[in-house]
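The next block holds one structure in the form of structure tokens; read it before the comments.
Since we're looking at a predicted model, the values are computed, not measured.
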Amino acid sequence: MRVHHLLGAKQRGEKLTMLTAYDAVTARILDAAGTDMLLVGDSLGNVMLGYDSTVPVTLDEMVVATRSVARGTSRALVVADLPFGTYEAGPEQALASAVRLMRVGANAVKLEGGRPRAATVRALSDAGIPVVGHLGFTPQSVNKLGGFRVQGRGDDAQEALLADAAELADAGVIGMVLEMVPEPVAARITQAVPVPTIGIGAGVHCDGQVLVWTDMAGMEEWKPRFARQFGQVGQALQQAAQDYNAAVRDASFPGAAESFEA
């Protein structure tokens, strides 16, 4: 999967798929399943590192995760998040941060924000770095937004999102994530911009969808309202660990098949 394939999919009306990944093992499994894009999200902080938001995630942590995912991927487009504090100062800071992620295997980077990020998107694009935008609820701004709240309700907010999307497209993004946006607003944006929209809590009319893989796979009982559990991997993993513990304790593991002869 390459950048031009994304635009081709939108033009043909083919839905795109994206899942997060943070390590080589998971990336290899999701890639083999035919997932179009793997997002090395700064959701790494919430999902894997135990942070209560994405804000504490560092560029060094994203570099390690991106390198791992890239090593486990053979066909999917690898998109890596620029974490909080690594691009807000302007194009020069963003370019230095993005270069680090591209050098370890990212095919594109993602950043949050609308019109204020246009100059940065242009600078990265001019440097040959594909950029994915992110509008609606932007997790790195959770403190400013007052929590996990749907964005784009009301006429003024809708028009602001449309203007943001148009500016990002004009600046050269290869696509944009729309998070927690009312379905009709996401549909308007999808029709208005020439690049693919990837929804998460933004309805079915986006050009594609993204989920955090642990939400998609049912790793925990709780899930966001906009997520669907397509499996119960958490229960299966817990059962496997219980079976292992029991086999060790009753001395049925290791058996002859797992042991070496003299």
Closest heavy-atom contact between [X] and [Y]?
X: Val193; Y: Ala166; value: CG1-N, 4.3 Å
X: Gly152; Y: Val185; value: O-CG2, 3.7 Å
X: Asp23; Y: Val69; value: N-CG2, 3.5 Å
X: Arg153; Y: Pro182; value: CG-CG, 3.8 Å
X: Val109; Y: Ala98; value: CG1-CB, 4.1 Å
X: Leu30; Y: Ala21; value: CD1-CB, 4.3 Å

Kindly work out whether a path of hydrophobic side-chain contacts (I/L/V/M/F/W/Y, heavy atoms less than 4.5 Å apart) joins [X] to [Y].
X: Met18; Y: Phe230; value: yes
X: Val121; Y: Val99; value: yes
X: Leu7; Y: Leu124; value: no
X: Val47; Y: Leu237; value: yes
X: Tyr51; Y: Val64; value: no

Does a side-chain heavy-atom distance below 4.5 Å link [X] with [Y]?
X: Leu135; Y: Val181; answer: no
X: Tyr87; Y: Glu112; answer: yes
X: Arg149; Y: Met180; answer: no
X: Leu77; Y: His5; answer: no
X: Val132; Y: Ile174; answer: yes
X: Gln140; Y: His134; answer: no
X: Leu211; Y: Phe226; answer: yes
X: Ile129; Y: Leu95; answer: yes

Return yes if some donor-acceptor pair links the side-chain N/O of [X] with the main-chain N/O of [Y] below 3.5 Å, else return no.
X: Lys10; Y: Thr197; result: no
X: Glu258; Y: Gly255; result: yes
X: Arg67; Y: Arg103; result: no
X: Lys15; Y: Val204; result: yes
X: Glu179; Y: Gln151; result: no
X: Gln93; Y: Glu88; result: yes
X: Thr66; Y: Ala80; result: no
X: Thr17; Y: Asp36; result: yes
X: Glu14; Y: Asp207; result: no

### Query
Is it true that Arg117 and Asp164 have a side-chain N and a carboxylate O under 4.0 angstrom from each other?
no

Practice problem: Would you sort out whether Thr54 and Phe84 count as a side-chain contact (heavy atoms from CB on, under 4.5 Å), showing the intermediate values? | Solution: CA-CA 8 Å; Thr54 65; Phe84 177 73; 5.9 Å; no

Nearest 0.5 Å, please: how far is [atom2] in [Y] from [atom1] in [X]?
X: Cys206; Y: Leu16; atom1: SG; atom2: CG; answer: 11.0 Å
X: Met216; Y: Gln229; atom1: CE; atom2: CD; answer: 10.5 Å
X: Arg100; Y: Met62; atom1: CZ; atom2: CE; answer: 11.5 Å
X: Thr86; Y: Leu111; atom1: OG1; atom2: CG; answer: 8.5 Å
X: Gln238; Y: Asp243; atom1: CD; atom2: CG; answer: 10.5 Å
X: Leu178; Y: Glu183; atom1: CG; atom2: CD; answer: 12.0 Å

Note to self: Using the rule given for side-chain contact (heavy atoms from CB on, under 4.5 Å), can you reason through Val78 versus Met37, listing the C-alpha separation, both sets of side-chain angles and the distance that settles it, and then say yes or no?
What the structure shows: CA-CA 6 Å; Val78 177; Met37 293 170 281; over 6 Å; no

Query raised in the report: Do Asp31 and Thr73 have a side chain donor and acceptor closer than 3.5 Å?
Result: no

Check the side chains of Thr58 and Asp60 for a donor-acceptor pair under 3.5 angstrom, ignoring hydrogens and angles.
no

Take atom [atom1] of [X] as the centre, draw a 6.0 Å sphere, and report whether it contains more than 12 heavy atoms from other residues, nucleotides or ligands.
X: Asp250; atom1: CG; result: yes
X: Gln232; atom1: CD; result: yes
X: Arg115; atom1: CZ; result: yes

**Report entry** Step-by-step side-chain contact (heavy atoms from CB on, under 4.5 Å) determination, Ile198 to Leu39
**Finding:** CA-CA 11 Å; Ile198 308 298; Leu39 173 62; over 6 Å; no

Determine, stepwise, if the pair Arg122 / Asp170 fulfils side-chain contact (heavy atoms from CB on, under 4.5 Å). CA-CA 9 Å; Arg122 287 191 176 92; Asp170 185 64; 2.9 Å; yes

Exactly one of Pro83, Ser43, Pro139 clears side-chain contact (heavy atoms from CB on, under 4.5 Å) with Val57, and that residue is Pro83

